[in-house]
Amino acid sequence: MIVANWKANGDIKKNYLWCETFQNLLDKSSFNYVGISPSHIHFHQLNTFFKETNVMIGMQDIYIEGGAITGSISAEMASADGCSFCLVGHSERREIFNEDGNLISKKISSLLKNNIKPILCIGESFEEHKAGNTRDKLKSQIIESIPKSYVLNELIIAYEPIWAIGSGKTPEAEEVNSIHEFIKDVVQSATANNIVPKVLYGGSVNDINASDFFDEDSIDGALVGGASLDANIFANIVNIYKRLKKI
């Protein structure tokens, strides 16, 4: 799966041009493993544009409940509007809004109750990376975030080293592959039904380095930030994925 995270970007006109360009650059079969997370206010626009395709449109975040929570969107509301998946635990949410594993776990529970596929984002800081604590950090994030009471069939992990997001710096593909293998083992051990999740890589992915990552067996796709704002680049990444994974 290749997921575009548009963050706080986009407007009605630019979004339409992006969608038109992107659609014209891919064959229909490629839509089967594409997801796009626009801003909340643009969700309905993209969901309508791609309604006759298999492109999945998701949310960038939800809150655990509705009601008197000004500025928030509940999983129930997202589900009613046709949301397919939702990012949860992104490093920007953790850092800017101080979200912790307890809240992230509740968000995942809420998403599962409303039949929305969670994409759990995990990653280490540069200091943790340099100190050799990457695996310990990732394991703690997984254990804290996965609801213990659920049999998880719908879970994707996105590994995004914080120091690589938007920096242009990326770890070696072989290193990422090894970390993805570790993540799969941890999730398998932590879940009641021993699920082996798909694991996406995120962190300055573009159409130049994508082939290095997709050549690796345990890198199951990508969560693409800044590069996804260019429809041509994002389409190139999708086509590289299709070619190398032979889907």
Side-chain angles (χ1 to χ4, degrees), residues 1-3 5 33 35 37 58 61-62 64 85-95 98-113 116-165 170-205 212-225 241 245:
M1 186 176 183
I2 309 296
V3 179
N5 177 15
Y33 39 85
S37 289
D61 186 58
I62 53 93
I64 58 177
F85 68 92
C86 182
L87 307 181
V88 61
H90 192 281
S91 61
E92 291 157 4
R93 299 292 310 181
R94 296 177 191 264
E95 292 179 8
N98 298 313
E99 295 191 1
D100 59 15
N102 181 56
L103 178 60
I104 292 165
S105 176
K106 291 177 180 178
K107 286 187 176 185
I108 292 176
S109 294
S110 185
L111 290 169
L112 294 171
K113 287 178 183 177
I116 298 173
K117 182 180 298 185
I119 298 181
L120 171 61
C121 302
I122 60 175
E124 83 282 10
S125 68
F126 182 72
E127 292 75 18
E128 290 162 338
H129 171 71
K130 292 295 288 185
N133 295 328
T134 293
R135 283 169 169 75
D136 289 341
K137 180 66 174 182
L138 300 181
K139 183 175 181 179
S140 68
Q141 289 177 326
I142 292 168
I143 298 302
E144 290 171 357
S145 301
I146 292 180
K148 306 301 187 295
S149 59
Y150 279 87
V151 173
L152 293 174
N153 294 314
E154 295 294 325
L155 176 68
I156 294 174
I157 304 290
Y159 168 55
E160 291 194 301
I162 298 169
W163 51 274
I165 298 174
T170 57
E172 294 295 325
E174 295 84 355
E175 178 185 356
V176 173
N177 190 69
S178 177
I179 291 172
H180 281 209
E181 290 173 349
F182 171 78
I183 291 169
K184 291 173 189 249
D185 288 343
V186 172
V187 174
Q188 186 175 22
S189 299
T191 51
N193 57 331
N194 303 122
I195 185 175
V196 179
K198 297 293 185 183
V199 183
L200 315 180
Y201 172 70
S204 296
V205 177
D212 294 334
F213 294 114
F214 299 154
D215 262 335
E216 301 293 334
D217 291 339
S218 292
I219 299 178
D220 302 308
L223 177 57
V224 187
Y241 176 81
K245 294 300 185 181

Salt bridge (charged side-chain N to carboxylate O under 4.0 Å, His left out) with [X]: which residues, sequence neighbours excluded?
X: Lys139; result: none
X: Lys198; result: none
X: Asp61; result: Arg93, Lys107

Residue pair [X] / [Y]: nearest heavy atoms and the distance that separates them:
X: Ile64; Y: Ser110; result: O-OG, 3.3 Å
X: Val224; Y: Val205; result: CG1-O, 3.8 Å
X: Tyr241; Y: Gly221; result: CE1-CA, 3.7 Å
X: Ile104; Y: Gly89; result: CD1-CA, 3.6 Å
X: Ile162; Y: Gly123; result: CD1-O, 3.9 Å
X: Asn177; Y: Asp217; result: OD1-N, 3.5 Å

Mutual orientation of the aromatic rings belonging to Trp163 and Phe126 [parallel < 30°, tilted 30-60°, perpendicular > 60°]: perpendicular
Parallel, tilted or perpendicular: ring planes of His180 versus Tyr159, cut at 30 and 60 degrees: perpendicular
Ile156 and Phe85, any side-chain heavy atoms less than 4.5 Å apart: no
Glu216 vs Val176 side-chain heavy atoms within contact, under 4.5 Å: no
For Ser189, side chain to side chain contact (heavy atoms under 4.5 Å, CB included) partners two or more places apart: none
Counterpart residues, side chain to side chain contact (heavy atoms under 4.5 Å, CB included), relative to Glu175 (two or more places apart): His129, Pro171, Glu172, Ile179
Lys245 (side chain) donor-acceptor with Phe214 (main chain) under 3.5 angstrom: yes
ring-ring contact (aromatic ring centres under 6.0 Å, His included) against Phe182, all qualifying residues, sequence neighbours excluded: none
NZ on Lys117 to CD1 on Ile108, rounded to 0.5 Å: 14.0 Å
